[in-house]
Amino acid sequence: MTKPDTSPKIPPIPTVRRLPSYLRLLKTLRAEGHETASGTQIADELGLDSIQVRKDIAITGMVGKPGVGFHIPTVIQLIERFLGWDNVTDAILVGAGSLGTALMGYDGFKNYGLNIAAAFDADPTKTGLNIHGKQVLPLEKLPMMVQGLHIQLGVITVPADAAQSVADFLIESGISAIWNFAPVKLKTPETIIVHNTELSSELAALSVMLGQSRQKSSVEETES
């Protein structure tokens, strides 16, 4: 007899990526004094399909009432719980350069349940500094902090040639998830969660779209 699959289902990543947009809109509506919002209203505001909106929100366990819509405070709570933003997740950052400094100073992380507890750097001229209230520590202290505070998330903001060695060190220290900003593909065990945010790829896409827009405008001007 085949046993039922009781393993947790992995939610569709496109749905997960849309949930923060719903959350921002719903918080705005709540601030304006609204108690409910329909799937159609949310879809119109965000330029999405109303059926998709209902499917996305349903993944949190929320089901709207026909003719009424979604109870805004409840759906906000469920989305935050689903995303894990109702609890604070401590993280450490390696690489206190320009990008690392900018991330340490981003106040918006507190709205998403993320706290960068400390930063680390191999450069002795940076260790000991206090950047946006976060202390920069030498790398040799990293394992002690990871184990002492039970930290699972590491943020990599070092140059590409140092990223793999930093990732290896994080994993050896007990980190189970990595947010990688270095423009390189990391080699990690399958058990390690890695999310890559490659700014150069995003800039390349933006540059191409901008070039196409300029070309289209040029053609339209010529034809007119």
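Count residues from 1 along the sequence.
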message: For the OG1 atom of Thr89 and the CD1 atom of Ile151, what is their distance to the nearest 0.5 Å?
response: 10.5 Å
- prompt: Would you say His195 and Asn180 make side-chain contact, with heavy atoms under 4.5 Å?
  reply: no
task: Using the test side chain to side chain contact (heavy atoms under 4.5 Å, CB included), find all partners of Pro143 that sit at least two apart in sequence or belong to another chain.
output: Gln147, Phe169, Ser173
Report, one line per pair, each donor and acceptor closer than 3.5 Å where one atom sits in a side chain of residues 119-131; sequence neighbours left out.
residue: Asp121; atom: OD1; partner: Asp123; partner atom: N; Å: 2.8
residue: Asp121; atom: OD2; partner: Ala96; partner atom: N; Å: 2.7
residue: Asp123; atom: OD1; partner: Thr125; partner atom: N; Å: 2.9
residue: Asp123; atom: OD1; partner: Thr125; partner atom: OG1; Å: 2.7
residue: Asp123; atom: OD2; partner: Thr125; partner atom: OG1; Å: 2.9
residue: Thr127; atom: OG1; partner: Pro124; partner atom: O; Å: 3.1
residue: Asn130; atom: OD1; partner: Gly133; partner atom: N; Å: 3.1

task: Look at the rings of Trp179 and Phe181 and say which category their plane angle falls in: under 30° parallel, 30 to 60° tilted, over 60° perpendicular.
output: tilted
Closest non-hydrogen atom pair between Ala163 and Val184, with its separation: CB-CG1, 3.5 Å
field: Matching residue for Leu153 among Ile175, Leu114, Asp90 - test: side chain to side chain contact (heavy atoms under 4.5 Å, CB included)
entry: Leu114
Same cluster (ILVMFWY, side-chain, under 4.5 Å), Leu142 and Met144: no
task: Mind running side chain to side chain contact (heavy atoms under 4.5 Å, CB included) on Leu103 and Phe109 for me, showing each step along the way?
output: CA-CA 9 Å; Leu103 292 179; Phe109 282 146; 4.0 Å; yes
- request: Answer yes or no: is there a side-chain heavy-atom contact under 4.5 Å between Tyr22 and Thr60?
  value: no
- prompt: Sequence neighbours excluded, which residues qualify as salt bridge (Lys or Arg N to Asp or Glu O under 4.0 Å) partners of Arg54?
  reply: none
message: How long is the straight-line distance from CD1 of Ile72 back to CZ of Arg30, given to the nearest 0.5 Å?
response: 9.0 Å
message: Can you give me the closest heavy-atom contact between Trp85 and Tyr112, atom names plus distance?
response: CD1-O, 2.8 Å
task: Would you check if Lys185 and Asn196 make a side-chain contact, meaning some heavy-atom pair closer than 4.5 Å?
output: no
- prompt: Is atom CD of Gln52 surrounded by more than 12 heavy atoms (other residues, nucleotides or ligands) closer than 6.0 Å?
  reply: yes
task: Following the transitive rule for hydrophobic clusters with a side-chain heavy-atom cut-off under 4.5 Å over Ile, Leu, Val, Met, Phe, Trp and Tyr, establish whether Val158 and Leu137 coincide in one cluster.
output: yes
query: Can you tell me how far the CZ atom of Arg24 sits from the CD1 atom of Ile79, to the nearest 0.5 Å?
result: 11.0 Å
- request: Start with the C-alpha gap between Ile156 and Leu186, add the side-chain angles, then the distance that decides, and say whether side chain to side chain contact (heavy atoms under 4.5 Å, CB included) holds.
  value: CA-CA 11 Å; Ile156 295 179; Leu186 300 175; 4.1 Å; yes
Qualifying residues under salt bridge (Lys or Arg N to Asp or Glu O under 4.0 Å), relative to Lys27, sequence neighbours excluded: Glu80
message: Working to the nearest 0.5 angstrom, can you tell me the gap between Asp86 CG and Leu78 CG?
response: 10.0 Å
- prompt: Can you check whether Leu26 reaches Phe70 side chain to side chain, under 4.5 Å on heavy atoms?
  reply: no
task: Could you tell me whether Leu149 atom CG has more than 12 heavy atoms of other residues or ligands within 6.0 Å of it?
output: yes
- prompt: Leu99, Val94: one ILVMFWY side-chain cluster at the under-4.5 Å cut-off?
  reply: no
Extract all donor-acceptor atom pairs below 3.5 Å that involve side chains of residues 31-38 and protein atoms in other chains or at least two apart in sequence.
residue: Glu35; atom: OE1; partner: His71; partner atom: NE2; Å: 3.4
residue: Ser38; atom: OG; partner: Gln41; partner atom: N; Å: 3.0

message: Pair Ile42, Ile57 - check side chain to side chain contact (heavy atoms under 4.5 Å, CB included), show working.
response: CA-CA 11 Å; Ile42 296 171; Ile57 293 179; 4.0 Å; yes
- prompt: How far does CD1 of Ile178 sit from CD1 of Ile171, to the nearest 0.5 angstrom?
  reply: 4.5 Å
message: Same cluster or not: Val16 versus Ile193, using hydrophobic residues (I, L, V, M, F, W, Y) connected whenever any side-chain heavy atoms lie under 4.5 Å apart?
response: no
message: Quick test of your reading: applying salt bridge (charged side-chain N to carboxylate O under 4.0 Å, His left out), list the pairs with at least one residue in residues 132-158, sequence neighbours left out, ordered by first then second residue.
response: none
message: Could you measure the distance from the CG atom of Leu29 to the CD atom of Glu45? Nearest 0.5 Å is fine.
response: 6.5 Å
message: Whether the side chain of Gln135 engages the backbone of Ala118 through a donor-acceptor N/O pair (distance < 3.5 Å, no angle test) should be reported.
response: no
message: For residues Ile59 and Ile76: do they belong to one hydrophobic cluster (side chain heavy atoms under 4.5 Å, members Ile, Leu, Val, Met, Phe, Trp, Tyr)?
response: yes
